[in-house]
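Protein chains get the first letters and strands the later ones, always in sequence-line order, with residue 1 at the start of each.
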4 protein chains.
Amino acid sequence: MNHKIKAILKAAATVMSQKGFEKATMDEIARMSKVAKGTLYYYFQNKENLFLQLTLSIFDELERRTQEIVTAVGTAAERMARLIRDQVDFFSEYREEVSLILGDFVGSTLPRESFRSRLQDYYSLIGRLIEEGIAAGEFREVDSWTAATALFGMVSVATFHWLLNSPGMDRKKLAEELVNLALHSLAR
Amino acid sequence: MNHKIKAILKAAATVMSQKGFEKATMDEIARMSKVAKGTLYYYFQNKENLFLQLTLSIFDELERRTQEIVTAVGTAAERMARLIRDQVDFFSEYREEVSLILGDFVGSTLPRESFRSRLQDYYSLIGRLIEEGIAAGEFREVDSWTAATALFGMVSVATFHWLLNSPGMDRKKLAEELVNLALHSLAR
Amino acid sequence: MNHKIKAILKAAATVMSQKGFEKATMDEIARMSKVAKGTLYYYFQNKENLFLQLTLSIFDELERRTQEIVTAVGTAAERMARLIRDQVDFFSEYREEVSLILGDFVGSTLPRESFRSRLQDYYSLIGRLIEEGIAAGEFREVDSWTAATALFGMVSVATFHWLLNSPGMDRKKLAEELVNLALHSLAR
Amino acid sequence: MNHKIKAILKAAATVMSQKGFEKATMDEIARMSKVAKGTLYYYFQNKENLFLQLTLSIFDELERRTQEIVTAVGTAAERMARLIRDQVDFFSEYREEVSLILGDFVGSTLPRESFRSRLQDYYSLIGRLIEEGIAAGEFREVDSWTAATALFGMVSVATFHWLLNSPGMDRKKLAEELVNLALHSLAR
DNA sequence: CATGAATGAGCATTCATTCAT
DNA sequence: TATGAATGAATGCTCATTCAT
């Protein structure tokens, strides 16, 4: 991928996640990516599209990683633990991009349709892992869809508030606490 | 409270939660509240302040209800169950307002300071209940702050996605699933 | 009509007719009418609409005057003579506005629909006068629609080129030359 | 002439006459001529110049044809009749290009200087024919300059409105009506 | 108390033009 | 000779805010 495109996406991620989609200006994104404003429009149709490109690449990465973990060998509990640790890492690493996506998603009563279906796909991944665990007798009989969204919420919200309040706890400790809570919530 | 103020707050809640803070215009809020645009500025310093008034009343309500539940008599587990059921109700009832607040909160790395501290207060309420449960030997020894944010995320995210995707499951069932997951995650 | 609206319309007429619709900027119109740019949008939806308001008022005025002349008492030839003299006056008086309308009309293969029908109406007025003259035996048997457009073209184009090249000839003389040509073209 | 230049001029004629000079973009012209955008600037100084080249070739053609008719043998009336028939044909054939030029010309009070003088030249051609007719005793004593512009307006406006409203009348009939009106207006 | 006409800073977007290759 | 990536000045339009009445 073109090096200017990368610079633009990086700058967009920074500016938009700091100020939110609406308050971020194309001027500032251009300035930060050291590209003329026209260049933004040479590579992206408009602000909305720039936002979309940015977010879809994050979704791709998240799905890719999760897919890999979920389909690995091991007990459901082991994979669930790995998944939660990876989510903590992911949210930390892509903090800016993820908060941007989530903010957009939560903030409007009618979220962007493209997000909605991507997120559904993502929940399905988690849901299937839970169902496998139930089938294998590792997990209790819970509603897999509710549990999937609940676990995602648990990890994402806890991680974000940890990031925002940068407490004394280190990341490893946070991840282990969350793994622990999650596995107990599912355990027989 | 003056009936014009009420009309304005009501209109602001509707418009802002439908379109988000940025896209909501003072013009539309004035039109919907059947008040002249100048009147908005007679009663509220500016758009930001109107948003804040609106928002804080929601926080007040949430805290009031939670406070009441947390300080009620009963085991920690009983109170936790009640709290989760109430959160599901609250998020359903104030869906638009809550999504407005959360969207604003999550959507930028630099959230409004007033929200941040209010949310901290709220987490403390939950955190204390968890600590009580631990002290009483009802709950495992978990990090209360992590558990508080995790439980809040679990309930809020699951409820929002349930609202968005309006599935076959009824609200009661959702609440019980979440209570179940939460209590298991904390149980010894 | 509001005094600011008048100032805006006047300025728009001047700027747009000097530079054409596209090259005229809202900034310049605002500057010339000594009104803030926002005020233009307070009174007119957009540039297009400002243009339309401007031109429709001209059409109204032209039709009003022509209507009056055509329906007056007198022979068809007398009224035709008066009509042509009035057109010369009108085009001179509203030079800017008229050149703006005509330019837009001629300049695009698909002229604004609102203009098209207005102009049709106007031709009908002239066409009916010609038909009256034919019926009364004053004029030859010509196709009234062709003659109406031809006479309009004759007067408008000649007057405009006279205005552009501000020659030695005075307006009265020009009008009489055109009356003369027109009546001869129709005379038995 | 280079075949790329031809392609560009052809595309420019199409795009500009459809959308007008301002709304036509160099991008679209490049796309339609299947040439890179830079190539437009290799062969033409700028957009204005491209427009001019295009335009002048139309003027050349019109003047060439008119010149030929005016200087042919025959009575002034015969040549005038031929001239008018040819104008109807010309405006029909080059409808788009002519409307482009005329729209630009009429649309602003400050028309491109190059057009102005070309049009003056063209009027002179017609004017001289009228003067010949007067001298030969065929035409009445009219002001030749006024008559020239009047006749041009008559034919052009009538033809354009005929084109726009594509009525039942055929072109031959239109031309004969106009010849008839013109000759009567000049006849002794 | 309440109004709404008027404002102007701010922003997304367009597009003619340039220039290194 | 030909290209197309890159530019940035220019422009239409929005909207929170003010203030005279």
Side-chain angles (χ1 to χ4, degrees), chain A residues 2-5 7-8 21-31 33-51, chain B residues 2 4-5 8 21-31 33-51, chain C residues 2-5 7-8 21-31 33-51, chain D residues 2 4-5 8 21-31 33-51:
Chain A
N2 182 309
H3 124 274
K4 290 206 175 177
I5 294 182
I8 293 169
F21 176 78
E22 296 289 347
K23 280 191 179 136
T25 72
M26 295 299 263
D27 260 293
E28 189 173 357
I29 294 170
R31 210 177 315 127
S33 33
K34 296 194 172 157
V35 163
K37 199 173 8 169
T39 307
L40 301 189
Y41 289 89
Y42 186 75
Y43 289 110
F44 302 91
Q45 295 164 44
N46 49 38
K47 192 183 176 185
E48 172 84 17
N49 181 258
L50 172 52
F51 174 70
Chain B
N2 184 311
K4 289 201 177 180
I5 295 184
I8 293 169
F21 176 77
E22 294 293 342
K23 279 187 179 146
T25 70
M26 295 300 263
D27 260 292
E28 189 173 357
I29 294 170
R31 211 177 314 127
S33 34
K34 295 191 174 163
V35 158
K37 197 167 21 162
T39 308
L40 300 189
Y41 289 88
Y42 185 76
Y43 288 111
F44 301 91
Q45 295 163 45
N46 49 37
K47 192 185 180 186
E48 174 81 16
N49 180 259
L50 173 53
F51 174 69
Chain C
N2 183 308
H3 126 274
K4 290 207 175 179
I5 294 183
I8 293 169
F21 175 78
E22 295 291 347
K23 279 188 180 139
T25 71
M26 294 300 264
D27 261 293
E28 189 174 357
I29 293 170
R31 211 177 314 124
S33 35
K34 296 193 172 159
V35 163
K37 196 169 16 164
T39 307
L40 300 190
Y41 289 90
Y42 186 74
Y43 288 111
F44 302 91
Q45 294 164 45
N46 50 38
K47 194 184 177 185
E48 172 83 14
N49 181 258
L50 172 52
F51 175 69
Chain D
N2 184 311
K4 288 202 179 182
I5 295 183
I8 293 169
F21 175 78
E22 295 292 343
K23 279 186 179 147
T25 69
M26 296 298 264
D27 260 292
E28 190 173 358
I29 294 169
R31 212 178 313 127
S33 35
K34 295 190 174 163
V35 159
K37 197 167 20 162
T39 308
L40 300 190
Y41 288 87
Y42 185 75
Y43 287 112
F44 302 91
Q45 295 163 44
N46 50 37
K47 193 185 178 185
E48 173 81 15
N49 181 259
L50 173 52
F51 174 69

Engineer: Please check the phosphate of dT17(F) (OP1 and OP2 only) for any side-chain N or O of Y41(B) closer than 4.0 Å.
Structural biologist: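 Result: yes.
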
Engineer: Could you check which nucleotide pairs with dG10(E) in any of the strands shown, counting Watson-Crick or G-U wobble with both distances under 3.5 Å?
Structural biologist: dC13(F)

Engineer: With nearest nucleotide decided by heavy atoms, which residue, T39(D) or K47(C), maps closer to the 5′ end of DNA chain F?
Structural biologist: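 Comparing both residues, the 5'-ward one is T39(D).
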
Engineer: For L40(D) and dC19(E), give me the distance from atom CG to atom P, rounded to whole Å.
Structural biologist: 17 Å

Engineer: Can you measure from OG1 (T25(C)) to NZ (K37(C)) and round to the nearest 0.5 angstrom?
Structural biologist: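 Atom-to-atom, T25(C):OG1 and K37(C):NZ are 8.0 Å apart.
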
Engineer: Measuring from K34(D):NZ to K4(D):NZ, what's the distance to the nearest 0.5 Å?
Structural biologist: 13.0 Å

Engineer: Counting only Watson-Crick or G-U wobble pairs whose two distances fall under 3.5 Å, which nucleotide matches dT17(E)?
Structural biologist: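 By the stated definition (distances under 3.5 Å), dA6(F) pairs with dT17(E).
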
Engineer: Hey, could you give me the CG/CD1 distance between L40(D) and I8(D), rounded to the nearest 0.5 Å?
Structural biologist: 5.0 Å

Engineer: Whole angstrom is fine here: how far is it from CZ in R31(D) over to C1' in dG4(F)?
Structural biologist: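 So the two atoms are 13 Å apart, to the nearest Å.
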
Engineer: Separation of K23(B) atom NZ from dC11(E) atom P, in whole Å?
Structural biologist: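 From K23(B) NZ to dC11(E) P: 16 Å.
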
Engineer: Side chain of V35(A) only, heavy atoms from C-beta on: which candidate in dC15(F), dT3(E), dT7(F) is closest?
Structural biologist: dT7(F)

Engineer: Could you check how far CD of E22(B) sits from C1' of dC11(E), rounded to whole Å?
Structural biologist: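 Value for this atom pair: 12 Å.
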
Engineer: What's the closest nucleotide to the A36(C) side chain, out of dC13(F), dT1(F), dG8(E)?
Structural biologist: dG8(E)

Engineer: Send over the distance from Y42(B) OH to dT21(F) P, rounded to a whole Å.
Structural biologist: 19 Å

Engineer: Return the CG to NZ distance between N49(C) and K47(C), rounded to the nearest 0.5 Å.
Structural biologist: 13.0 Å

Engineer: So A30(A), base contact, sugar-phosphate only, or nothing? Heavy-atom distance under 4.0 Å.
Structural biologist: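 No contact.
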
Engineer: For E48(D) and A24(A), take the nucleotide of DNA chain E holding the closest heavy atom to each; which residue's nucleotide lies nearer the 5' end?
Structural biologist: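 Here A24(A) is the residue nearer the 5' end.
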
Engineer: Give the rounded distance in Å between these two atoms: CZ of F21(D) and P of dA16(E).
Structural biologist: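 Taking CZ of F21(D) and P of dA16(E), I get 8 Å after rounding.
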
Engineer: How many Å lie between CG on D27(C) and C1' on dG12(F), as a whole number?
Structural biologist: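 Going from CG in D27(C) over to C1' in dG12(F) covers 9 Å.
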
Engineer: Quick check: do M26(D) and Y41(D) have side-chain heavy atoms less than 4.5 Å from each other?
Structural biologist: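 Counting from C-beta outward, M26(D) and Y41(D) do come under 4.5 Å.
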
Engineer: Take atom CD1 of I29(C) and atom C1' of dT11(F), then tell me their distance rounded to the nearest Å.
Structural biologist: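 Nearest whole value for this atom pair: 12 Å.
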
Engineer: Would you mind telling me which residue lines up with the more 5' stretch of DNA chain F, N2(A) or M26(C), judged by nearest nucleotide?
Structural biologist: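 Checking each residue's closest nucleotide, the 5'-ward one belongs to N2(A).
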
Engineer: Quick one: the side chain of K37(B) and the base of dT3(E), do they pair up donor-acceptor inside 3.5 Å?
Structural biologist: no

Engineer: Work out how far the P atom of dC1(E) is from that of dT21(F), and round it to whole angstrom.
Structural biologist: 22 Å

